[in-house]
Asks: 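My structure is below; once you've seen it, I'll send some questions.
Reckoned from all heavy atoms, side chains included, excluding hydrogens, waters and symmetry mates. Computed from a predicted model, the values in this text were never measured in an experiment.
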Amino acid sequence: MKRFILLAIMLLPVSLMAQIPQFSKLAEKYSDNEAVTCMTINKQMMTMFAGENEMIENLSEIEIIVTKDAAIARKVLDDTNKIVKKIDAKELISANEDGEKFTIYTITQNGNITNIIIAIDCIADEGESGVIVVSGNIPEEKLGEVMQVVNQ
């Protein structure tokens, strides 16, 4: 799970952000629950942690919702699936690795990826499950660089 959070922080250059309001509402829905950790990392915070970095120089925000509670995780993942269908995100990859199921979705506009949504399901292993949403304007030809970061 930590690897996915690091991925979200270290993603490639993006310009104007197109946030997904449904995920902000999802974070608000679960933010008062003690079993859920909701984070919004803005550009200023990423710059403080990573310094001036070409990979994040234009990144303005990452939203993260994480829980170890299986019942809540199921609700978060079900809500995520509903949002993904509603906003017509395309599944890029789905994999099971060491008891973790993760699915990466993208939304494209004008030939660029505007959002990357990573849903992580560790309910069976009682690990951390949740969703990471990164918004941006990522040229499709740069997607391979993102996938290399994911595989590290």
Side-chain angles (χ1 to χ4, degrees), residues 1-31 36-67 73-123 127-152:
M1 181 64 182
K2 290 178 179 44
R3 174 175 57 168
F4 294 110
I5 292 173
L6 287 174
L7 158 73
I9 293 172
M10 297 177 65
L11 275 173
L12 57 108
V14 291
S15 56
L16 298 173
M17 290 294 153
Q19 298 173 356
I20 304 173
Q22 292 91 334
F23 282 107
S24 295
K25 290 177 185 174
L26 184 64
E28 286 177 28
K29 177 180 176 179
Y30 292 101
S31 65
V36 178
T37 301
C38 297
M39 290 183 270
T40 301
I41 305 169
N42 64 24
K43 180 179 180 172
Q44 183 180 2
M45 183 62 74
M46 287 182 278
T47 302
M48 286 173 37
F49 282 115
E52 293 298 322
N53 184 321
E54 183 180 331
M55 299 281 273
I56 62 167
E57 70 183 16
N58 296 315
L59 195 60
S60 68
E61 185 174 277
I62 299 170
E63 289 184 273
I64 302 170
I65 304 168
V66 180
T67 184
R74 178 56 40 220
K75 290 178 185 177
V76 169
L77 293 170
D78 287 346
D79 288 346
T80 297
N81 288 331
K82 289 175 188 173
I83 292 169
V84 163
K85 287 178 184 174
K86 185 176 183 177
I87 62 176
D88 199 29
K90 294 182 182 135
E91 184 175 308
L92 182 64
I93 186 170
S94 181
N96 267 322
E97 181 181 314
D98 300 327
E100 291 182 358
K101 179 181 178 186
F102 67 93
T103 308
I104 301 174
Y105 302 93
T106 60
I107 300 171
T108 58
Q109 184 178 24
N110 299 327
N112 288 331
I113 297 168
T114 58
N115 300 95
I116 299 173
I117 303 159
I118 305 168
I120 303 143
D121 182 349
C122 300
I123 296 171
E128 292 179 328
S129 296
V131 63
I132 300 170
V133 179
V134 179
S135 301
N137 190 13
I138 304 161
E140 287 183 337
E141 63 270 9
K142 296 286 187 177
L143 187 59
E145 294 175 28
V146 173
M147 299 321 303
Q148 288 176 354
V149 173
V150 170
N151 290 324
Q152 290 180 358

Asks: Using the side-chain contact (heavy atoms from CB on, under 4.5 Å) definition, which of the options Val66, Val76, Thr67 pairs with Tyr30?
Replies: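 Among Val66, Val76, Thr67, the one meeting side-chain contact (heavy atoms from CB on, under 4.5 Å) with Tyr30 is Val76.
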Asks: Let me have the donor-acceptor pairs involving side chains of residues 86-93, under 3.5 Å, with sequence neighbours excluded, atom names and distances please.
Replies:
none

Asks: Tell me every residue that passes side-chain contact (heavy atoms from CB on, under 4.5 Å) with Thr40, counting only those two or more places apart in sequence or in another chain.
Replies: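 side-chain contact (heavy atoms from CB on, under 4.5 Å) list for Thr40, sorted by chain: Glu61, Glu63.
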Asks: Rounded to the nearest 0.5 Å, what's the gap from CD1 on Ile65 to OG on Ser129? Could you check?
Replies: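 Reported to 0.5 Å precision, the distance equals 12.5 Å.
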Asks: Working to the nearest 0.5 angstrom, can you tell me the gap between Ile62 CD1 and Ile132 CD1?
Replies: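 With rounding to 0.5 Å, CD1 (Ile62) is 8.0 Å from CD1 (Ile132).
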Asks: Tell me the closest heavy-atom pair linking Thr80 and Ala119, and the distance in Å.
Replies: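 Closest heavy-atom pair between Thr80 and Ala119: CG2-CB, 4.3 Å.
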Asks: On a heavy-atom basis, which atom in Cys38 and which in Ala27 lie closest, and how many Å separate them?
Replies: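 In terms of heavy atoms, the two residues are closest at SG-O, 3.5 Å.
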Asks: If you round to the nearest 0.5 Å, how far is CD1 of Ile118 from OG1 of Thr106?
Replies: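 Output value for this atom pair is 11.5 Å.
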Asks: Is any side-chain heavy atom of Lys29 less than 4.5 Å from a side-chain heavy atom of Asp79?
Replies: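 Yes, their side chains come closer than 4.5 Å.
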Asks: Quick one: OG1 on Thr103 to CG on Asn96, what's the gap to the nearest 0.5 Å?
Replies: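 Rounded to the nearest 0.5 Å, the OG1-CG separation comes to 8.5 Å.
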Asks: Roughly how far apart are Lys101 NZ and Asp121 CG, rounded to 0.5 Å?
Replies: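 One finds 6.5 Å between NZ of Lys101 and CG of Asp121.
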Asks: Identify the two heavy atoms, one from Glu100 and one from Cys122, that lie closest to each other, and give their separation to 0.1 Å.
Replies: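 Residues Glu100 and Cys122, closest heavy atoms: CG-SG, 3.2 Å.
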